[in-house]
Amino acid sequence: MGNVTKQASTRFSIVKRSKGQSAVEKASYISRSILVSEFDGQTYRPKYHEDLVHSEISLPPNAPKEYADQATLWNAVELSEKGQKSQLARMLKASLPNEWSYELAEEVVRDYVQRNFVDKGMCADWAIHDSENDKGQRNLHIHVLLTMRPLTENGEWGAKQKKVYDLDENGEKIPVIDKKTGQQKVDKRNRKQWKCHTADSTDWNSKENAKMWRKDLADTINATNEQLGIAVHWEHRSFKEQGIDKEPAIHIGAVANALERKGIQTERGNINREIIKNNLLLEQEKEMLILAKQELHSAQYSKIKSTAVSVKNEVMEMIAKVRERKGRLDLPIVSGKHLRKISDRTALQSAGNAEKFITTRKIDSFESLAKFTADREQKYSQLENVHLSKGQKLNRLKELSKMYALYAPIQATYKESQSLKGFAKMKYDKEHKDSLSKYPELKERMQSLLQNGGKITPKQWKAEIQSLQSEYESIGKEQTKTATELAYAEVISYDKKNLERELQNESRQPNRQQSRTKRREEEI
């Protein structure tokens with residue numbers, strides 16, 4: 001069966017002051033933090049915070065160290081722009097595979113941002129979010145906020161545009177001729193004038209860059225998916241570019257999206273609903289697979305429920321209450337230490353899976369859940385230490401083997417040279433000049449890797465690598481299993497606190513309503 005193709009959702013936009021936008025406000029939005037703008041004096045408070053997975057600033061070498069602070073960076077950007085129509089920042093929003101763990105997403109995005117933006121001289125403020133729609137579908141995605149002015153070697157903001165002189169066929173500057181006098185024009189300071197034009201100081205605004213950045217992200221995702229064995233191919237090209245007769249959804253926008261969340265239909269929302277309806281036939285096979293999976297899950301849950309212990313279990317009761325209220329569990333995205341390591345987060349939200357976890361581990365109270373968590377934390381820590389130790393040893397052996405593969409043929413050439421004399425040696429050394437010149441450096445590198453005068457034993461290294469690799473993978477699987485158990489414990493513990501908070505808030509609402517009614521009556 002071939003790979004499933006997924007259309008990549010990647011959108012670039014410019015943060016413009018002419019549209020009343022603020023770079024500080026965008027930075028506050030993506031980092032889910034409160035920021036104060038020195039330019040307009042406003043305090044920006046994001047409406048949401050529970051979907052933040054990770055937030056980070058990546059800087060080029062010549063950027064001031066204080067720009068690692070978000071407020072300092074974007075206030076510096078705002079204050080460097082004087083015009084009312086200034087372009088303040090470039091913004092990227094793009095989807096990531098939901099099959100990825102948070103830890104993997106951080107690693108891949110950090111590398112992508114560094115290669116495509118920071119290495120070019122941009123300051124990058126990026127964040128990973130994991131939102132959820134009303135159908136319980138997760139959406140792992142990134143936001144990247146990028147500076148548009150280049151930084152000088154001294155770390156000061158440079159000009160976005162520069163003056164470029166027009167040149168003739170000989171590479172000489174072209175003078176500006178006064179039509180009346182036929183002589184070269186001069187300015188008020190008696191300086192000669194030359195034909196020129198303005199050009200961008202960098203190539204960051206090139207439309208080709210956007211295509212390249214989209215393609216690189218899709219290529220990066222596909223390469224990572226291939227390593228993980230995920231049979232989904234991400235396509236950066238539009239349906240039109242691919243020659244596919246399928247209409248893409250339009251960007252709905254923040255205002256329309258807010259209205260739609262409240263249940264108010266908008267024109268752009270209606271357009272998207274029509275597009276989705278038209279594309280539905282093309283997704284029938286996918287829907288059938290999803291339906292089959294849901295039916296299987298339902299059957300599995302019924303089996304688990306029928307075999308569950310009949311005695312009172314406060315943990316099971318809590319899960320049942322959350323299921324009744326929401327249909328699924330909530331995720332502790334910000335506080336989930338072990339959740340970050342898990343790729344199938346949708347499975348963690350399943351109330352059925354949570355009940356199976358509690359039943360099979362024979363957990364009958366939150367006290368026993370806490371004890372189970374402490375035991376597994378200790379086990380995970382031990383596994384992590386052993387896994388790290390074996391990984392370091394394995395990497396060293398692999399590095400030795402790789403270096404020996406380079407060193408061995410050069411060493412053989414050197415030994416052959418040493419065995420010859422006279423004209424034969426001169427001739428051989430001339431023919432193998434390049435190889436012989438590399439010998440001293442490779443020998444030194446080989447000896448430094450061997451440590452303490454160790455011997456070169458490639459066959460022994462190979463056997464050790466095979467043995468260690470097997471142990472390393474086995475411990476890794478046990479570590480993943482333990483991390484999954486701890487992630488379930490995190491989710492269940494979080495939902496207990498969340499349910500208590502919600503019930504407490506609901507119990508206060510009648511009293512608040514009575515207080516408001518009483519105040520109104522007193523005013524009358």
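In this text the structure is predicted, and so the values were computed from the model without any measurement.
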Measure from the side-chain N and O atoms of [X] to the backbone N and O of [Y], and report whether any donor-acceptor pair falls under 3.5 Å.
X      : Y      : answer
Glu56  : Arg110 : no
Ser9   : Ser95  : no
Arg396 : Leu450 : yes
Gln70  : Ala27  : yes
Asn222 : Trp234 : yes
Thr373 : Leu369 : yes
Ser474 : Ser470 : no
Ser33  : Ser28  : no
Glu478 : Leu383 : no
Asn75  : Val36  : yes

Can you name the nearest heavy-atom pair linking Ile333 to Asp130, along with the distance?
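Between these two residues, the closest heavy atoms are CD1-O, 3.2 Å.
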Can you give me the closest heavy-atom contact between Ser401 and Ile465, atom names plus distance?
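What the structure gives for the nearest pair is OG-CD1, 3.5 Å.
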In terms of ring plane angle, is the pair Phe12 and Trp213 parallel, tilted or perpendicular, where the classes change at 30° and 60°?
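Aromatic pair Phe12/Trp213 classed tilted.
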Take the angle between the ring planes of His143 and His129 and call it parallel below 30°, perpendicular above 60°, tilted in between.
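Taking His129 first and then His143, their aromatic rings sit tilted (interplane angle of 30° to 60°).
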Measure the shortest side-chain to side-chain distance between [X] and [Y] over non-hydrogen atoms and say whether it is less than 4.5 angstrom.
X      : Y      : result
Val109 : His54  : no
Val315 : Phe366 : yes
Pro97  : Ile230 : no
Lys390 : Leu394 : no
Glu502 : Asn505 : no
His141 : Ser131 : yes
Ile363 : Ile492 : no
Met446 : Leu400 : yes

State whether the number of non-hydrogen atoms from other residues, nucleotides or ligands found under 6.0 Å of [X] atom [atom1] is greater than 12.
X      : atom1 : result
Lys393 : NZ    : no
Glu324 : CD    : no
Lys321 : NZ    : no
Gln114 : CD    : yes
Glu226 : CD    : no

Just by distance, no angles: are the side chains of Gln21 and Glu25 close enough, under 3.5 Å, to form a donor-acceptor pair?
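No - no donor-acceptor pair under 3.5 Å links their side chains.
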Polar contact flag, side-chain donor to acceptor under 3.5 angstrom, Glu500-Gln504:
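The criterion, which ignores hydrogens and geometry beyond distance, is not satisfied for Gln504 and Glu500.
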Of the options Glu99, Glu132, Arg138, which is the one that meets Arg345 in a side-chain contact (heavy atoms from CB on, under 4.5 Å)?
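Of the listed options, the one satisfying the test is Arg138.
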State whether Asp51 and Arg32 are salt-bridged, where the test is any N-O pair (Lys NZ or Arg NE/NH1/NH2 against Asp/Glu carboxylate O) under 4.0 Å.
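Arg32 and Asp51: salt-bridged.
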